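Just so we're clear, the structure is a prediction, and the values are computed from it rather than from any experiment.
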Amino acid sequence: MTVHISQRGKEYLEIARTLLRAAQTMTDTAVAGQLKALADDYQRRAEKASHVDAANAHRSDRVVLS
């Protein structure tokens with residue numbers, strides 16, 4: 001199965017990666033934990049955005065203009 005990540009999904013993933021890099025440099029474990037949780041949220045947003053964008057693209061392919 002091929003997984004397609006939409007442009008919007010890629011942007012969310014880039015934010016998640018940035019947050020994870022920041023979390024790895026934190027000495028405050030509470031702040032690092034919050035950044036990791038936020039990164040997880042952005043990863044979920046990336047998946048959801050890609051699914052929604054794929055469904056919308058599929059739906060627009062099926063539109064018949066009269």
Side-chain angles (χ1 to χ4, degrees):
M1 182 172 124
T2 303
V3 175
H4 176 75
I5 300 175
S6 69
Q7 183 60 39
R8 188 167 53 130
K10 289 178 185 177
E11 291 170 5
Y12 280 129
L13 284 176
E14 183 58 33
I15 292 168
R17 286 186 200 107
T18 300
L19 289 167
L20 284 174
R21 280 194 304 271
Q24 291 170 349
T25 64
M26 288 286 153
T27 56
D28 185 329
T29 56
V31 173
Q34 290 294 319
L35 288 172
K36 287 178 183 177
L38 192 54
D40 288 344
D41 181 57
Y42 271 90
Q43 287 176 329
R44 284 189 297 276
R45 289 179 191 208
E47 292 172 12
K48 184 176 179 180
S50 291
H51 287 298
V52 168
D53 293 348
N56 287 341
H58 180 70
R59 206 172 303 127
S60 68
D61 289 343
R62 298 175 63 195
V63 172
V64 177
L65 300 176
S66 319

Query raised in the report: So, does Thr25 use its side chain to make a donor-acceptor pair with the main chain of Ala22 at under 3.5 Å?
Result: yes

Query raised in the report: Considering only heavy atoms from C-beta outward, does the side chain of Asp41 approach that of Arg44 to under 4.5 Å?
Result: yes

Requested in this report: State plainly whether one hydrophobic cluster holds both Tyr12 and Ile5, where clusters connect Ile, Leu, Val, Met, Phe, Trp and Tyr through side-chain heavy atoms under 4.5 angstrom apart.
Outcome: no

Query - Atom pair NZ (Lys36) and CD (Gln24), whose distance is rounded to the nearest 0.5 Å - result: 7.0 Å

Query raised in the report: Which atom pair, heavy atoms only, marks the closest approach of Gly9 to Ala46?
Result: O-CB, 3.3 Å

Report task. Nearest 0.5 Å please: distance from the NE2 atom of His51 over to the CD atom of Glu47. Result -> 6.0 Å

**Report entry** Closest contact, heavy atoms only, His4 versus Ser50
**Finding:** O-CB, 3.9 Å

**Report entry** Exceeds 12 heavy-atom contacts within 6.0 angstrom, atom CD of Gln34
**Finding:** no

Report task. Verify side-chain contact (heavy atoms from CB on, under 4.5 Å) between Arg45 and Ile15, making sure each step is shown before the conclusion. Result -> CA-CA 11 Å; Arg45 289 179 191 208; Ile15 292 168; over 6 Å; no

**Report entry** Name of the residue among Thr18, Leu19, Asp40 meeting side-chain contact (heavy atoms from CB on, under 4.5 Å) with Leu35
**Finding:** Leu19

